[in-house]
Every structure is written in C-alpha cells, then in structure tokens.
2 protein chains.
Amino acid sequence: MRHSRQRDEILSLVRSGALGHPTAQEVHDAVRKACPAISLGTVYRNLHQLVEAGELAALETGGALHYDWDLRPHHHLHCNRCGALVDLPLDVGRSLRRQAQAQGHDIHAYDITMRGLCSRCLTKSDKHS
Amino acid sequence: MRHSRQRDEILSLVRSGALGHPTAQEVHDAVRKACPAISLGTVYRNLHQLVEAGELAALETGGALHYDWDLRPHHHLHCNRCGALVDLPLDVGRSLRRQAQAQGHDIHAYDITMRGLCSRCLTKSDKHS
DNA sequence: CTAATTGCAAACGTTTTGCAGCGTT
DNA sequence: AACGCTGCAAAACGTTTGCAATTAG
C-alpha cells in the first residue's frame, strides 16, 4: 500500500472522531475541505482499503455503511428517535464466543447493534416525570 | 391491512422455512411458482409490511436484507466460507438489556450477527486432523 | 520505470416510488 | 363505492468498476 494524500486525510479525519460514525458520503463531504478535488469513488476505495488493512471498522447499519475508528471491542445503539449511533461498551464477547464454539462454529468477528432510545432522548422526554 | 393472495403466499412461503433466510429476490423467484405474475415491487412492499406488522424479522446482513420467520430471540452466524446464514441460539439478551439500561438507554430490539466459519465448513476441512 | 492511485463517469444491485387499474371489503 | 393493493417502469440510493492520466517509490 503506497502513500497518498487522500488516504492520509481520510484516515486522520475519521480517526479524529469529529464525524462520529460517518458514512462514505459524510467522509467525502468533510474531506473536501482539505482535498477539494477528491472524488467519491476514491473515498469509497480508501475506506474499503483501510478496513481491509485493519485501520478502521465498518458498521452495517441502516442502509449505508458507517465507519468507526475505535477498534476496541464495543458495540452500538441506533437510536430510533434521533438516529444517532451511540457507542456502547458491552461485556459479552467472551460469552458469545464460548457459546458459538460450543455449537461447533469458529467466530472471527461480530457486531451487536441494538435499536431503542438513547439516553439523551430519554432524558429530554423526561420533563413530565 | 386487507387480504391479498400475494401477501398470503409470501408469508406462508417464508414461514415454511424452505428458503432459509431469503432475500426479497429469492422470495420473488420462489413465489412466482404460485403467483407467476407477481412483481418484485409487490414482494418488497409486502415483506416490508409483514416486518412492520411483526410477522417477520429482517436481518441487515451483507448487501441485501434477509428475512426470518423465526421471531424468538436467536442470532446468526454469517459464514465466511460458504456464505450461509446459520441460526445461533445465544443466551445473552438479558445481560445485554441490563448493561444497556445501566448506561441510561432503552433497548427495543437487537440482533447479533457474527462472522466466522460455520460448523459444516469446519468439519468438511477436518479431513486432515 | 512501474505499478498503485486518482478523478470521472458509467454501471451495478437493492430498494422505493408514481401511477393507472384491479380486488377486497 | 371506497380504498388498499397490484403490476409496471422509472428512479433513487449506496457502492463498485473501467479507464486514461497522474503520482509515489
């Protein structure tokens, strides 16, 4: 893998966390500020490569793929009200892997995405309680 | 929601389990045998409606949505070798919901899809062991 | 030099939608 | 009769790909 200005910009932008869990489109929109001529195709190609190289993670959530800079085991809540994708540190990995192995499978990776209401939305609608 | 021949055929076909965890395309191909004139758009519309009505579940896995007739809590393994979507009864729901609530969220639903090698592929490649 | 990477545009697979007509109630 | 549902075709959407030109090692 060679160096390229475009890939460097994309990686540092996603890693900065400023975009949360962005889609390719969102990365494209944001990286244009540093790289005005960058094409959407290049963003897709680079995000894919970076995931392949283990630099980023991809989340299959709601239509478009979302990218995550945080590679430590953690999971997500997709809020049904505000649409946010919230990080959720959950301690279940060991148990999941053990149970799947007991059923004869070999787990390489997994992602848990829950749906519901995030704490921000819940506290906002708590005016009445 | 009115009755329609098309929706009845789709629901009973998916419920039969004969298709495993089919995509809309696969349902369309199969339901044509009973309903030769049915259009792909109708299949999409009905699958969406049936999920909305709580008759089927949708799995966001690898490009196309897959549909599942089994509404009981269970999860899936997407095999990296054969591509199968294998049912995986995992006992983690209670723990997940508890942990998410401790973080201030309210979980409505969740799905766990793991990636790895399914037991069938593993035993097949076990000739040497 | 050479091979990876780029921008562009076209193509792809999946899903949604507008519409006129048909079927259920 | 009213309104949901259908088939069809077009379009929307996210993503991938072919290509000639550019650029990094």
Side-chain angles (χ1 to χ4, degrees), chain A residues 1-14 19-68 76 78 83 85 111 113, chain B residues 1-14 19-68 78 83 85 111 113 115:
Chain A
M1 183 141 100
R2 265 178 206 179
H3 265 191
S4 90
R5 175 117 186 332
Q6 289 88 334
R7 188 157 42 233
D8 291 350
E9 293 286 358
I10 288 170
L11 182 54
S12 70
L13 182 60
V14 177
L19 301 178
H21 300 91
T23 62
Q25 265 297 346
E26 290 166 343
V27 173
H28 185 228
D29 293 346
V31 84
R32 267 165 173 292
K33 279 155 198 160
C35 253
I38 196 173
S39 78
L40 184 54
T42 295
V43 173
Y44 273 104
R45 266 185 295 235
N46 281 326
L47 286 171
H48 187 261
Q49 259 174 131
L50 289 165
V51 169
E52 207 74 354
E55 306 279 355
L56 294 176
L59 307 175
E60 222 172 295
T61 301
L65 282 178
H66 292 250
Y67 293 89
D68 196 340
H76 301 91
H78 190 182
L85 212 46
D111 173 65
T113 297
Chain B
M1 184 142 97
R2 268 178 202 178
H3 266 186
S4 90
R5 176 125 181 343
Q6 289 88 336
R7 188 156 44 233
D8 290 350
E9 293 286 358
I10 289 170
L11 183 53
S12 69
L13 181 60
V14 177
L19 302 177
H21 300 91
T23 62
Q25 265 298 347
E26 290 166 341
V27 173
H28 185 227
D29 292 346
V31 83
R32 268 165 173 292
K33 280 157 199 161
C35 254
I38 194 172
S39 78
L40 184 55
T42 295
V43 173
Y44 273 104
R45 267 185 295 236
N46 281 326
L47 287 170
H48 187 260
Q49 260 175 130
L50 289 166
V51 170
E52 207 73 355
E55 306 278 357
L56 295 176
L59 307 175
E60 223 171 294
T61 302
L65 282 178
H66 293 250
Y67 293 88
D68 196 340
H78 191 182
L85 211 46
D111 174 66
T113 297
R115 297 198 58 102

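So that the names make sense, note that chain A is the first sequence line, chain B the second, and so on, each numbered from 1.
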message: Within the structure provided, determine whether B:Val14 and B:Leu56 are in side-chain contact (heavy-atom separation under 4.5 Å).
response: yes
field: Comparing A:Thr42 and B:Asn46 on DNA chain D - which has the more 5′ nearest nucleotide
entry: B:Asn46
From [atom1] of [X] over to [atom2] of [N], roughly how many Å is that when rounded to an integer?
X       : N      : atom1 : atom2 : result
A:Glu60 : C:dT14 : CD    : C1'   : 13 Å
A:Leu40 : D:dT17 : CG    : P     : 14 Å
B:Arg7  : C:dC22 : CZ    : P     : 20 Å
A:Leu47 : C:dT5  : CG    : P     : 14 Å
B:His48 : C:dT14 : NE2   : C1'   : 14 Å
B:Tyr67 : C:dT14 : OH    : P     : 12 Å
A:Glu26 : D:dC13 : CD    : P     : 15 Å
A:Gln25 : D:dA12 : CD    : P     : 15 Å

Is [X] close enough to [N] that one of its side-chain N or O atoms is under 4.0 Å from OP1 or OP2 there?
X       : N      : value
A:Tyr44 : D:dT16 : no
A:Ser39 : C:dC8  : no
A:Gln49 : C:dA4  : no

- prompt: Say you draw a straight line from CG of B:Leu47 to CZ of B:Arg7; how long is it, rounded to the nearest 0.5 Å?
  reply: 11.0 Å
message: Once rounded to the nearest 0.5 Å, what's the spacing between atom CG of B:Asn46 and atom CE of B:Met1?
response: 8.0 Å
A:Arg32 (side chain) and C:dG7 (base): donor-acceptor pair under 3.5 Å: no
message: Using a distance-only criterion (donor-acceptor N/O pair, under 3.5 Å, no hydrogens), is the base of D:dG4 paired with the side chain of B:Arg45?
response: no
Considering only nitrogen or oxygen atoms on both sides, find all protein atoms under 3.5 Å from nucleotides 23-25 of chain D and state each distance.
from   : atom 1 : to     : atom 2 : distance (Å)
D:dA24 : N3     : A:Arg2 : NH1    : 3.2

- request: Could you check whether A:Gln6 gets within reach of a base, just the sugar-phosphate, or nothing at all, counting any heavy atom under 4.0 Å?
  value: sugar-phosphate
query: Okay, side chain of B:Glu26, backbone of B:Thr23: is any donor-acceptor separation there less than 3.5 Å?
result: yes
query: Taking the side chain from B:His28 and the backbone from B:Ile38, do they hold a donor-acceptor pair closer than 3.5 Å?
result: yes
- prompt: When the aromatic ring centroids of A:His76 and A:His66 are compared, is their separation below 6.0 Å?
  reply: no
- prompt: Which atom names give the shortest non-hydrogen contact between B:Ala24 and B:Tyr67, and what distance separates them?
  reply: N-CE1, 4.3 Å
